[in-house]
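Each remark here refers to the structure printed beneath this line.
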Amino acid sequence: MNQVRVRFAPSPTGYLHIGGARTALYNWLFARKHNGTFILRIEDTDAERSTEESIKEILDGLTWLGLAWDEGPYFQSKRIKDHQAAAEKLIETGHAYKCFCTKEQLDAKRLKAQQAKIDYKYDGTCRALSPDVVAQREQQGLPSVVRFKIPQQSGCVAFDDKVYGHIEKQFDDIEDFVILRSDGKPLYLLSSAIDDVTDRITHVIRGQDGLGNTPKQILIYNALGYTPPIFAHMSLTLDTRKAKISKRKHGEVVTVAYYKERGFIPWALCNFLALLGWSTPDDREFFSREELIDAFSLEGIARHNSIFNYNPDDPNNWTDPKAINMNARYISMLRLDEIIPYVREELQAVGLWDSAYDNEKKLWFDTIIELIRTRVHTIKDFATKGRPYFSDDFLFEEKAVKKNLQKDANLKNYLPQLAEKLDSLDTFDLKTTENTIREICEELTIKPGLLINAVRTAVTGQSAGPGLFEILVALGKQKTIHRIHKALDLV
RNA sequence: GGUCCCAUCGUCUAGUGGCCUAGGACGUCGGCCUCUCACGCCGAAAACACGGGUUCGAGUCCCGUUGGGACCA
């Protein structure tokens, strides 16, 4: 049994988008599942559009997602000579030929065919040129492309796609396609096939947009005497209008980098992406890395395209709601030590980190994270919603102030009384704080909710959050008292 | 225009001829819990694109139509 070798081969012409990440993920999963090799190949033959910056973004994105490659990155631009040599060999063995037809000639033929309502296909004018004529024209300096020779007989190329099943393409429906341009540059079709041979790729797992190219590539493999790899074409990810996703149209929301910025846990994104067009017969939706590797199979890939459900007009959902939900669930489900590194990084970035959180204040810090983790959607929220827990410098939400502090003018009297009572407490724990507040409410004959909500807003600036007594204990007596007094200005 | 691919709730999907009165998840709405919010739990609305076959029986097989997508031009 041959070692499984798969590759992710992006063009470095922009950013790493979620569709690309999904392709990389499926390849990575397949490699891991079969103890194979995951190869990264940068298809940078389009020198004008390829950028260093883009290469970096691809590498960074994959690294962040945790999709480590075993080999590479290889650069296609460094192998152009191999592609040209392959074209040369195809000519020598009679599988390809030089074509001197000019663009004008071809355009004229196409136009004529159109007018006559006949399907246009290259007519093979140069197919039977004798070697003498070819040599003669080359001496004249006439430019030529190299075309692949499609068998002129009835028959077809067939292959079994792991996702789409048996696929056949009639020779008659394929024209003698170009494999080398007149300036000597190989076409993608040729380059990627040759590179896959060079990299000894066993399974080509790529987007469904490659399906149409596959028969041609198989013809190339066969002509060169190579065994074609196994193909698995995956459905595409489209937007809600069923168009291909692109940064130009959708903005950063389709880039992997953006999810890092916005506080995603990398594996949560992977899990979400895995489920966009792949599923298991059971109802599982959450997979650990190992579970997903174990469950993954090419056969589970959907044949229909799936839609990335992002609606730019919905202010509540800055990306697909399912992705947000999944991230939130991961934040509340994971072991604390699995999410704390991300939280630390975020707090450090905004200057809220205290090195004591790793040492003497670790227990306290863990409590806080535990307290708010079920209420956040992204890692970013720990620094925004969570700010009052890590800093005295926090904002009061206008709505919260109105609703909880300015609801009853008597709070102006109640709150100082409460502060005084709390201050006299010897032990400041869940029980004593709760008793104190409930007692004072009884004495004043007011609903506990009034005071509880008021205090929550006083000490956090927010109207929503963890249970009040947990908050108070976490904050400690001094901060609690201080913040209650300070908030009186707003009452 | 040619070739190919696809079609189940708004979205992701289960479903491979009878377990389908079509299941799950997200989202939406309602309820419980409750000091708020979230979590959790309970519940509701919500889909087999259409038309023909085949079959005792079709979401499931075949053909056509429509719609969408990809590739080539």
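In what follows, chains carry the letters A, B, and so on, assigned in the order in which the sequence lines appear, proteins first and then strands, with residues in each chain numbered from 1.
- For the 3.5 Å distance criterion, the side chains of Tyr330(A) and Asn271(A) qualify, holding a donor opposite an acceptor.
- Comparing C71(B) with U28(B), their P atoms sit 35 Å apart, to the nearest whole Å.
- Look at C9(B): it lacks any Watson-Crick or wobble partner with both distances under 3.5 angstrom.
- Not a single donor-acceptor pair under 3.5 Å links the side chain of Arg49(A) to the backbone N or O of Ser11(A).
- Counted by atom type alone, Asp429(A) and Thr427(A) present zero donor-acceptor pairs between their side chains at under 3.5 Å.
- Summarising the geometry, the separation between NZ on Lys385(A) and C1' on C37(B) is reported as 8 Å, rounded to the nearest angstrom.
- Heavy atoms of Lys447(A) sit nowhere under 4.0 angstrom from any nucleic acid atom.
- In summary, the side chains of Thr457(A) and Asn404(A) do present a donor paired with an acceptor at a separation below 3.5 Å, with no hydrogens or angles considered.
- Residues Leu275(A) and Val376(A) both approach RNA chain B. Their nearest nucleotides, taken by heavy-atom distance, put Leu275(A) toward the 5′ side.
- Distance check on atom P: C26(B) versus C39(B) gives 10 Å, rounded to whole Å.
- For Asp209(A), the side-chain atoms get nearest to C71(B) when compared with the rest of C71(B), G27(B), U11(B).
- Between A38(B), C5(B), A7(B), one nucleotide has an atom nearer to the side chain of Thr374(A) than all others, and that is A38(B).
- In a base pair of the Watson-Crick type (N1 to N3 plus N6-O4 or O6-N4) or a G-U wobble (N1-O2 and O6-N3), with each distance short of 3.5 Å, C50(B) is matched with G64(B).
- When Watson-Crick and G-U wobble pairs are counted only if both distances are under 3.5 Å, U3(B) pairs with A70(B).
- Listed candidates were U13(B), C35(B), A25(B). Nearest to the side chain of Phe469(A) is C35(B).
- With a 4.5 Å cut-off on side-chain heavy atoms, Ile437(A) and Thr433(A) do not count as touching.
- Counting any heavy atom pair closer than 4.0 Å across all strands shown, Glu285(A) reaches a base atom.
- Comparing atom distances between the Ile167(A) side chain and each of C5(B), G69(B), C37(B) picks out C5(B) as nearest.
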Name the pairs: protein N/O against N/O of nucleotides 60-64 of chain B, kept only if under 3.5 Å.
none

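- Among the atoms of the strands shown, none is found under 4.0 Å from any heavy atom of Pro448(A).
- Of the C1' atoms belonging to A58(B) and C19(B), the separation is 15 Å, rounded to the nearest Å.
- Closest to the side chain of Ile452(A), from the set G69(B), C5(B), C35(B), is C35(B).
- For the pair Asp381(A) CG and A38(B) C1', the computed distance is 12 Å after rounding to whole Å.
- Arg329(A) has a side-chain polar atom (N or O) that falls below the 4.0 Å cut-off from OP1 or OP2 of C26(B).
- Here U28(B) sits opposite A44(B) as a Watson-Crick or G-U wobble pair (both hydrogen-bonding atom distances under 3.5 Å).
- Taking atom C1' on both U55(B) and C61(B), the two are 10 Å apart, rounded to the nearest angstrom.
- Rounded to a whole Å, the CZ atom of Phe159(A) is 12 Å from the P atom of C4(B).
- In terms of phosphate contacts, Lys216(A) brings no side-chain nitrogen or oxygen within less than 4.0 Å of OP1 or OP2 of U3(B).
- Closest to the Ser279(A) side chain, of the nucleotides U13(B), C35(B), A70(B), is U13(B).
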Could you please spell out the steps behind the side-chain contact (heavy atoms from CB on, under 4.5 Å) verdict for Ile372(A) and Lys385(A)? CA-CA 9 Å; Ile372(A) 54 181; Lys385(A) 278 189 183 176; over 6 Å; no
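- Checked against the 6.0 Å centroid criterion, the rings of Phe30(A) and His203(A) qualify as a close aromatic pair.
- Asn327(A) has its CG atom 15 Å from the P atom of C26(B), to the nearest Å.
- Rounded to an integer number of Å, the gap from NE2 of His304(A) to C1' of G67(B) is 15 Å.
- For Arg303(A) against C5(B), a side-chain-to-base donor-acceptor contact under 3.5 Å is absent.
- Side chain of Asn213(A), nearest nucleotide from G23(B), C72(B), A38(B): C72(B).
- Taking atom C1' on both nucleotides, G18(B) is separated from C9(B) by 24 Å, rounded to a whole Å.
- Residue Leu236(A) contributes atom CG, which lies 12 Å from atom C1' of G68(B) at whole-angstrom precision.
- Close to A38(B), at under 4.0 Å from its OP1 or OP2, lies no side-chain N or O of Arg373(A).
- Annotation: Phe264(A) is in aromatic contact with Trp318(A) [ring centroid separation under 6.0 Å].
- One interatomic measurement links the two molecules: CG of Asn305(A) to P of U11(B), which rounds to 14 Å at whole-angstrom precision.
- Looking at the side chain of Arg456(A), the nearest of the listed nucleotides C35(B), A70(B), G23(B) is C35(B).
- Counting heavy atoms of neighbouring residues, nucleotides and ligands inside a 6.0 Å radius, atom CD of Glu299(A) exceeds 12 of them.
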Could you please spell out the steps behind the side-chain contact (heavy atoms from CB on, under 4.5 Å) verdict for Lys479(A) and Val459(A)? CA-CA 8 Å; Lys479(A) 279 194 179 182; Val459(A) 299; over 6 Å; no
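- Comparing C48(B) with U60(B), their C1' atoms are spaced 10 Å from each other, to the whole Å.
- Remark on RNA chain B: of its neighbouring residues Leu211(A) and Ala464(A), the 5'-side contact belongs to Leu211(A), judged by nearest-heavy-atom nucleotide.
- The side chain of Lys322(A) has A25(B) as its nearest neighbour among A70(B), A25(B), U11(B).
- Between G27(B) and Asn325(A), a contact under 4.0 Å exists linking OP1 or OP2 to a side-chain N or O.
- Remark: Lys216(A) is positioned above the aromatic ring of Phe177(A), its terminal NZ or CZ atom under 6.0 angstrom from the ring centre and at most 45 degrees off the axis.
- The shortest distance between the side-chain N/O atoms of Ser306(A) and the OP1/OP2 oxygens of U13(B) is below 4.0 Å.
- Under the Watson-Crick or G-U wobble criterion, with both distances below 3.5 Å, U36(B) has no partner in any strand shown.
- For the P atoms, the distance from C4(B) to U13(B) is 25 Å, rounded to whole Å.
- Pair check for G18(B) finds C56(B); Watson-Crick or G-U wobble, both atom distances under 3.5 Å.
- Nucleic acid contact class of Pro466(A) (heavy atoms, under 4.0 Å, all strands): base.
- Within 4.0 Å (heavy atoms only), Gly277(A) reaches sugar-phosphate atoms of the nucleic acid but no base atom.
- The 12-atom threshold is exceeded at NZ of Lys477(A), counting heavy atoms of other residues, nucleotides or ligands nearer than 6.0 Å.
- Taking atom CZ of Arg375(A) as the reference point, atom P of U34(B) lies 16 Å away to the nearest angstrom.
- The side chain of Pro281(A) has A14(B) as its nearest neighbour among C5(B), A14(B), U36(B).
- For the OP1/OP2 pair of C71(B) and a distance below 4.0 Å, the side-chain nitrogens and oxygens of His233(A) include no atom meeting the criterion.
- For the P atoms, the distance from A49(B) to G67(B) is 16 Å, rounded to whole Å.
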